[in-house]
Amino acid sequence: MAALQPVRGTHDLLPDDFRRHRAVSDAAAETALRYGYEQIATPIFEFSAVFNRTLGDTSDIVTKEMYSFDDRGGDNITLRPENTAGVCRAFMSNGLAQQAPVRHFYAGPMFRYERPQKGRLRQFHQFGIELIGAPQAQGDIEVIACGAAIMETLGLKDRVTLELNTLGDSASRDAYRAALVAYFQDHLAALSDESKDRLGRNPLRILDSKDEGDRRIVAGAPSFDEYLNTESQEFFAAVREGLETLGIAYALNPKLVRGLDYYCHTAFEFTTTELGAQAAVLAGGRYDGLMEMMGGPATPGVGWAAGIERLAMLADSPAPPPGIVAIVPLGEAAERRALQLAETLRRDGLRVDWAFSGAMKKRMKRADKVGATHAVILGDEELVRGVAQVKDMAQGGQSEVALDGLGPALKAAQAARATG
RNA sequence: GUGGCUGUAGCUCAGUUGGUUAGAGCGCUGGUUUGUGGCACCAGAGGUCGUGGGUUCAAAACCCAUCAGCCACCCCA
């Protein structure tokens, strides 16, 4: 293993990458704030039980993808593979039930030991929102609307589709699950090995199998509609009606299933066809049973998580930060003066770059390379007179400006340039 | 975890049926005289050919292993 290689499935975010990354999370945060959500941060690691209990002990995430280890005190710790469980844990730890309903959003790294692919990393970043303590369908609608608004802000509205399904309440789901298991048991021999395995862990997944043989069997499987009780049907109808009221287009996908055990009722996913197998770009649902699974009081919740890297790949590349200014001192005295000058300009709110060495030509070249709007040329002669030559890098023109008031002058010049 | 494709300078890639000092474009450095970038021209630096074995007189090219990326499955954001 090459020591200078990053760990498999991780990568560095260099300025260009990071700008994309930031553009996505900033846009999402700004939108979430407008929906009344506030940012929180939970620890990157939790006691393993937080995830074991909530994600279901048969899910792939828990059984083979968690980064778990014993710490020096002997506690079993896990690097968070997702953040909903952590947010719920925080909700209970901090007694936030008093303030319910509570609206939170988060952004940060998650860890899953998966086989890397484009848009699938071992350390990846999610942005997500959670609405806790709201059992009403309005909650589902709001949360989806917020997701849709973010897609729109990122310019992805026409490049993603919202897929929607209901998993019903736990009574409906248990009944359906039992019926499905019974049905598939009868056809066990014809099922693919993978689906045989799924039968024990997550039978709903078989419905979405890509295996030819499975599909034939699935065609005759009982349909969820027959098992959805009135309450669940009404709830789903309310969600759909709300989305229609808001003009949010969606496609019903009865095969849309959640991988994690805590979901019920609404399940949704914004998907794209532009990222290969990694189609889901923002996905979530309702998780009314989660808090109880964790040993707390029954508390309803809805939320979603979005893959920041995936969105960053789809969204337009943001422009680099504008308006940097380059200082070009000539000679030792000027060099010393430049130190102060740079500081002053920075306090005036300008972005300042300067090469620490090199002849004028080299420094001018650098000024050009970093995209400076202006070069502030400071030589011995200017120094005595308390002025600098300010060169407009785009126009090529140059004028003399007094060092006092250089900051405001540069800002004015940049502003004029930006508008003109 | 399963199957497949790929791996040559900082980047994108070329490298004929294994055969002398491994190439290009971009980028980088320096120069085209003195305190002025972009353009052009000239010159230059930079490569353990992913890594480790093996076959061969000879391997970047063939074989094996390993690591990494990518694709599909799987899983999911």
Side-chain angles (χ1 to χ4, degrees), chain A residues 1-11 14 16 24 28 55 59-65 81-84 107 109-128 147 160 192-195 197-198 201-202 205 208-211 256-260 268-272 275-285 303-314 326 328-331 334 355 358-383 388-398:
Chain A
M1 173 171 311
L4 296 182
Q5 208 166 266
V7 172
R8 185 174 202 199
T10 68
H11 68 259
L14 300 180
D16 278 356
V24 170
L55 304 182
S59 75
D60 275 22
I61 291 183
V62 169
T63 55
K64 43 195 190 202
E65 294 182 0
E82 58 95 44
N83 208 169
T84 299
M110 309 294 158
F111 306 85
R112 256 121 100 157
Y113 189 86
E114 292 189 277
R115 185 141 171 189
Q117 242 177 74
K118 194 183 213 68
R120 192 213 256 179
L121 299 161
R122 287 273 254 194
Q123 177 181 333
F124 61 104
H125 297 78
Q126 285 188 333
F127 179 97
V160 297
S192 67
D193 289 346
E194 246 157 22
S195 287
D197 192 42
R198 285 191 271 234
R201 296 187 295 117
N202 195 346
R205 278 254 174 251
D208 204 18
S209 174
K210 284 168 187 159
D211 183 86
L256 181 64
V257 169
R258 299 282 65 166
L260 309 179
F268 58 90
E269 225 166 73
F270 285 86
T271 60
T272 172
L275 294 178
Q278 276 60 250
V281 113
L282 183 156
W304 51 253
I308 295 180
E309 284 86 352
R310 290 184 185 178
L311 288 173
M313 281 190 278
L314 293 179
V328 180
L330 307 167
M360 181 176 197
K361 187 166 185 166
K362 187 179 165 186
R363 295 181 190 228
M364 287 302 290
K365 214 163 188 167
R366 181 182 167 88
D368 186 54
K369 218 167 44 190
V370 300
T373 58
H374 301 269
V376 176
I377 301 159
L378 191 65
D380 291 335
E381 195 220 332
E382 284 83 4
L383 212 50
Q389 303 297 330
V390 173
K391 177 163 186 171
D392 183 317
M393 295 299 282
Q395 241 100 77
Q398 191 164 303

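Order of the sequence lines fixes the chain letters, A, B, ..., with proteins taken first and strands second; residue numbering starts at 1 for each chain. The structure presented is a predicted model; accordingly, all values stated were derived computationally and were not measured.
- Taking atom CD on A/Gln117 and atom C1' on B/C73, their separation rounds to 9 Å, with Å as the unit.
- Scanning for side chain to side chain donor-acceptor pair (under 3.5 Å) contacts around A/Arg366 gives A/Asp353, with sequence neighbours left out.
- Applying the salt bridge (charged side-chain N to carboxylate O under 4.0 Å, His left out) test to A/Asp16 and every residue at least two apart in sequence or in another chain returns A/Arg19.
- The nearest whole Å value for the distance from the CZ atom in A/Phe268 to the P atom in B/A77 is 11 Å.
- Look at the P atom in both B/G47 and B/A9: the space between them is 11 Å, to the nearest Å.
- Residues that satisfy the side chain to side chain donor-acceptor pair (under 3.5 Å) test with A/Glu114, not counting sequence neighbours, are absent from this structure.
- A/Lys210 has a side-chain polar atom (N or O) that falls below the 4.0 Å cut-off from OP1 or OP2 of B/C73.
- Judged purely by distance below 3.5 Å, without hydrogens or angles, the side chains of A/Glu82 and A/Gln126 never pair a donor atom with an acceptor atom.
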Check residues 305-313 of chain A and write down every donor-acceptor pair under 3.5 Å in which the side-chain atom is one partner and the other belongs to a residue at least two apart or another chain.
unit_1, atom_1, unit_2, atom_2, d
A/Glu309, OE1, A/His125, N, 2.9
A/Glu309, OE2, A/His125, N, 3.2
A/Glu309, OE2, A/His125, ND1, 2.7
A/Arg310, NE, A/Gly119, O, 2.7
A/Arg310, NH1, A/Ala280, O, 2.7
A/Arg310, NH2, A/Gly119, O, 3.0

- Report the secondary structure of RNA chain B in dot-bracket form, marking unpaired bases with a dot and bases paired to a different strand with |, and treating Watson-Crick or G-U pairs with both distances under 3.5 Å as paired. (((((((..((((.....[...)))).(((((.......))))).....(((((..]....))))))))))))....
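- Residue contacts for A/Ala277: at a heavy-atom cut-off of 4.0 Å it reaches a base atom on one of the strands shown.
- A/Asn83 contributes atom CG, which lies 11.5 Å from atom CZ of A/Phe127 (distance to the nearest 0.5 angstrom).
- Regarding A/Lys118, its NZ atom lies at a distance of 16 Å from the P atom of B/C73, rounded to whole Å.
- Considering only residues two or more places apart in sequence or on other chains, A/Glu381 meets the salt bridge (charged side-chain N to carboxylate O under 4.0 Å, His left out) condition with A/Arg385.
- Here the P atom of nucleotide B/G69 and the CZ atom of A/Arg8 are 5 Å apart, to the nearest Å.
- B/C39 sits 47 Å from B/A77 when the P atoms are compared, rounded to a whole Å.
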List every contact pair, protein side and nucleotides 5-10 of chain B side both N or O, where the distance is under 3.5 Å.
none

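- Rounded to an integer number of Å, the gap from NE2 of A/His11 to P of B/C70 is 9 Å.
- Contact between the side-chain N/O atoms of A/Gln278 and the OP1/OP2 oxygens of B/A77 is not found at any separation under 4.0 Å.
- Straight-line distance from the CG atom of A/Asp193 to the C1' atom of B/U2: 12 Å, rounded to whole Å.
- Across all strands, A/Gly128 comes closer than 4.0 Å to no nucleic acid atom at all (heavy-atom distances).
- On a pure distance criterion of 3.5 Å, a polar donor-acceptor pair joins the side chain of A/Arg120 and the base of B/C74.
- If you check every strand for non-hydrogen atoms under 4.0 Å, A/Leu121 touches a base.
- When rounded to the nearest whole Å, the span between OH of A/Tyr113 and C1' of B/C74 equals 15 Å.
- For A/Lys369, there are no salt bridge (charged side-chain N to carboxylate O under 4.0 Å, His left out) partners at least two apart in sequence or on another chain.
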- Contact state string [nucleotides 29-49 of chain B, B base, S sugar-phosphate only, - no protein heavy atom under 4.0 Å]: SS-B--BBBB-----------
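- Qualifying salt bridge (charged side-chain N to carboxylate O under 4.0 Å, His left out) partners for A/Asp392, counting only residues two or more places apart in sequence or in other chains: none.
- Nearest approach of A/Gln117 to A/Ala277, heavy atoms of both residues: OE1-CB, 4.3 Å.
- Separating the CD atom of A/Glu114 from the P atom of B/A68 is a distance of 15 Å, rounded to the nearest angstrom.
- Partners of A/Glu65 under the side chain to side chain donor-acceptor pair (under 3.5 Å) rule, at least two apart in sequence or in another chain, do not exist in this structure.
- Using a 4.0 Å heavy-atom cutoff across all strands shown, A/Gly358 reaches no nucleic acid atom at all.
- Evaluation of atom-type donor-acceptor distances gives a pair under 3.5 Å for the side chain of A/Arg115 against the base of B/G3.
- Two residues are said to be in side-chain contact when any heavy atoms from C-beta on lie closer than 4.5 Å; A/Leu330 and A/Asp380 fail this criterion.
- At the heavy-atom level, A/Arg112 lies under 4.0 Å from base atoms of the strands shown.
- Residues forming a side chain to side chain contact (heavy atoms under 4.5 Å, CB included) with A/Ser209 (at least two apart in sequence, or on another chain): A/Ser195, A/Arg198, A/Asp211, A/Asp214.
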